[in-house]
Amino acid sequence: MVGMLDYAILSAVLFTVGVVGILIRRNIITIFMCIELMLNSVNLLFVAFSRYMGHVDGQIFVFFIFAIAAAEAAVGLALVVAYFKLKETIEVDEIKLLKG
Amino acid sequence: MQLAFYILSFIAVFAAVMVVLSDRPIVSGLFLLLCFTAISGLYITLSAPFIAAMQLVVYSGAIIVLFLFVLMLLNQHRESPSKRNRFVTFVSVLGGVLIGVFIYLTMLKSKILLSYTKMSAVGGMKNNVETIAGVMFKKYFIPFELISILLLAAMVAAVFLSKKRV
């Protein structure tokens with residue numbers, strides 16, 4: 001039988017993989033992907049709690065997180081493209097200046 | 001239902017690990033797609049079909065395509081070999097895993113979480129979409145409108161940043 005704790009552990013594992021990815025990857029787009037992974041693990045926990053507590057409020061929060069994630073990806077990738085046009089690199093170890 | 005949970009969670013964790021380990025960003029993006037699709041299946045096992053559909057449309061559809069578009073625009077094939085110290089990488093991995101262990105230990109202390117372990121996930125709320133719509137447009141009406149303003153602001157920002165002169 002699959003209980004709440006199984007979903008919670010799965011969510012924690014996905015979150016940990018996301019954190020490790022952010023720390024060890026150097027390509028900024030891969031780092032964005034890891035952020036999306038962490039957001040997804042939190043979404044999974046929200047839906048699991050919503051299911052086991054019998055409220056749909058958790059699912060509505062997940063809906064809001066979808067919108068936030070879409071906005072974040074759009075703005076972040078636009079910033080990456082603008083930075084690449086100026087400096088020709090997206091390696092985070094090379095990115096030292098915010099001003100062009 | 002149990003078998004579905006174990007297969008889908010194995011796929012999700014495997015794909016997530018491959019996202020981190022692969023040194024080609026395009027491959028990472030495609031594994032991320034697999035991971036999102038597996039998580040969408042997990043939403044179905046939690047009897048949340050609306051969220052599962054939204055996951056497929058928003059994440060697997062829109063966000064992954066955005067990532068792959070930008071990767072092709074920037075022409076990034078492979079990460080160059082790391083100039084970082086090996087020790088720094090080791091400490092990063094250790095720190096990340098330690099965060100995961102702390103989350104797990106905190107979960108084991110949470111009474112509210114452990115009180116739900118005996119319940120089964122099978123069988124769920126009826127009329128999922130109808131229930132969500134009822135709550136969203138009554139209780140959460142103002143946050144819903146604010147989210148639409150946020151999306152508009154993000155769209156304007158993305159267009160502004162992508163202009164020729166930044």
Side-chain angles (χ1 to χ4, degrees), chain A residues 1-10 12-21 23-27 29-30 32-34 36-37 40 44 47-48 50-54 56-57 59-60 62-64 66-71 73-75 77-82 84-86 90-91 93 100, chain B residues 1-2 5 9 12-13 16-17 19-20 25 28-29 32 36 39 42-43 46-48 51 54 58 62-63 66-67 70-71 73-74 76 79 82-83 89 92-93 95-97 99-100 103-104 107 113 116-121 124 131-132 135-136 140 143 147 150-151 154 157-158 161-162 166:
Chain A
M1 196 177 78
V2 183
M4 176 73 216
L5 195 62
D6 299 299
Y7 285 99
I9 289 170
L10 174 64
V13 168
L14 287 177
F15 191 86
T16 310
V17 173
V19 171
V20 172
L23 290 174
I24 68 172
R25 285 284 103 192
R26 295 179 314 284
N27 188 324
I29 297 183
T30 321
F32 265 121
M33 289 179 192
C34 293
E36 299 294 336
L37 202 61
N40 250 284
L44 185 64
V47 175
S50 140
R51 167 70 192 89
Y52 284 96
M53 295 176 100
V56 286
D57 298 43
Q59 297 186 20
I60 288 159
V62 170
F63 183 80
F64 290 153
F66 281 162
I68 304 269
V75 175
L77 289 172
L79 279 172
V80 170
V81 171
F84 187 80
K85 275 191 214 156
L86 280 174
I90 50 168
E91 296 260 319
D93 290 353
Chain B
M1 197 56 90
Q2 199 175 6
F5 171 78
S9 55
V13 171
V17 170
V19 169
V20 174
S28 288
L32 195 66
F36 287 164
I39 290 177
L42 284 167
Y43 291 152
L46 282 167
S47 58
I51 294 296
M54 289 301 291
V58 174
I63 291 183
L66 197 64
F67 273 118
V70 171
L71 279 171
L73 204 64
L74 304 188
Q76 295 286 311
E79 252 183 30
S82 176
K83 288 191 277 275
T89 310
S92 311
V93 174
V97 172
I99 289 174
I103 294 173
Y104 178 64
M107 278 172 182
L113 201 154
Y116 293 120
T117 47
K118 292 282 177 283
M119 244 169 84
S120 166
T131 320
I132 287 179
V135 178
M136 187 185 285
Y140 293 98
I147 278 288
L150 177 84
L151 278 173
L161 285 169
S162 321
V166 187

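Since the structure is predicted, the reported quantities are computational estimates derived from the model, not experimental observations. To find a chain, count down the sequence lines: A is the first, B the second, and so on, and within it residues start at 1.
The greatest number of non-hydrogen atom pairs below 4.5 Å with chain B, out of Ile90(A), Val81(A), Leu77(A), Leu10(A), is found for Leu77(A). Among Ile39(B), Ile99(B), Val58(B), Leu150(B), the residue with the largest count of heavy-atom pairs under 4.5 Å with chain A is Ile39(B). For chain B, the option among Cys34(A), Ala48(A), Gly18(A) with the highest count of heavy-atom pairs below 4.5 Å is Ala48(A). Interface check for chain B: of the options Val19(A), Asn27(A), Val75(A), the most heavy-atom pairs under 4.5 Å are formed by Asn27(A). Listed options Val80(A), Ile9(A), Asp57(A), Val62(A) were ranked by heavy-atom pairs under 4.5 angstrom with chain B; first place goes to Asp57(A). With chain A as partner, the option from Leu151(B), Ile51(B), Val13(B) having the largest number of non-hydrogen pairs under 4.5 angstrom is Ile51(B).
A distance of 12.0 Å separates CZ in Arg25(A) from OG in Ser92(B), rounded to the nearest 0.5 Å. Taking CG of Asn40(A) as the reference point, atom CG of Leu42(B) lies at 10.5 Å (rounded to 0.5 Å). Atoms CG and OG1, on Leu23(A) and Thr89(B) in that order, are 10.0 Å from each other to the nearest 0.5 Å. The CE atom of Met4(A) lies 7.5 Å from the CE atom of Met107(B); values are rounded to the nearest 0.5 Å. Taken from CD in Glu36(A) to CZ in Phe36(B), the straight-line distance is 5.5 Å, to the nearest 0.5 Å. Separation of atoms CD1 (Ile63(B)) and CE (Met33(A)) is listed at 11.5 Å; rounding is to 0.5 Å.
Heavy atoms of Leu74(B) lying under 4.5 Å from chain A belong to its backbone as well as its side chain. For a residue to count as touching a neighbouring chain, one of its non-hydrogen atoms must lie under 4.5 Å from one of that chain's; by this rule Leu14(A) touches chain B with the side chain only. Contact annotation for Ala62(B): neither backbone nor side-chain heavy atoms come within less than 4.5 Å of a heavy atom of chain A.
Between Thr30(A) and Val20(B), every side-chain heavy-atom pair lies at or beyond the 4.5 Å cut-off. Residues Ile29(A) and Pro25(B) form no side-chain contact, since every pair of their non-hydrogen atoms from C-beta on lies 4.5 Å or further apart. Residues Tyr140(B) and Phe64(A) are in side-chain contact: their nearest non-hydrogen atoms beyond the backbone lie under 4.5 Å apart. Considering only heavy atoms from C-beta on, Val13(A) stays 4.5 Å or farther from Tyr104(B) through its side chain.
Summarising the geometry of Ser162(B) relative to Lys85(A), their closest heavy-atom pair is O-NZ, 3.6 Å, with the distance given to 0.1 Å. Taking all atoms of both residues into account, the shortest heavy-atom contact from Ala16(B) to Val17(A) is O-CG1, 3.5 Å. When all heavy atoms are compared, the tightest approach of Gln59(A) to Ser47(B) is NE2-O, 4.4 Å. Shown here for Ala78(A) and Leu161(B), the closest heavy-atom pair between the two residues is CB-CB, 3.9 Å. Of all heavy-atom pairs between Leu32(B) and Leu37(A), the closest is CD1-CD1, 3.8 Å.
For Val93(B), the side-chain contact (heavy atoms from CB on, under 4.5 Å) test picks out Val20(A), Ile24(A), Val97(B), with sequence neighbours left out.
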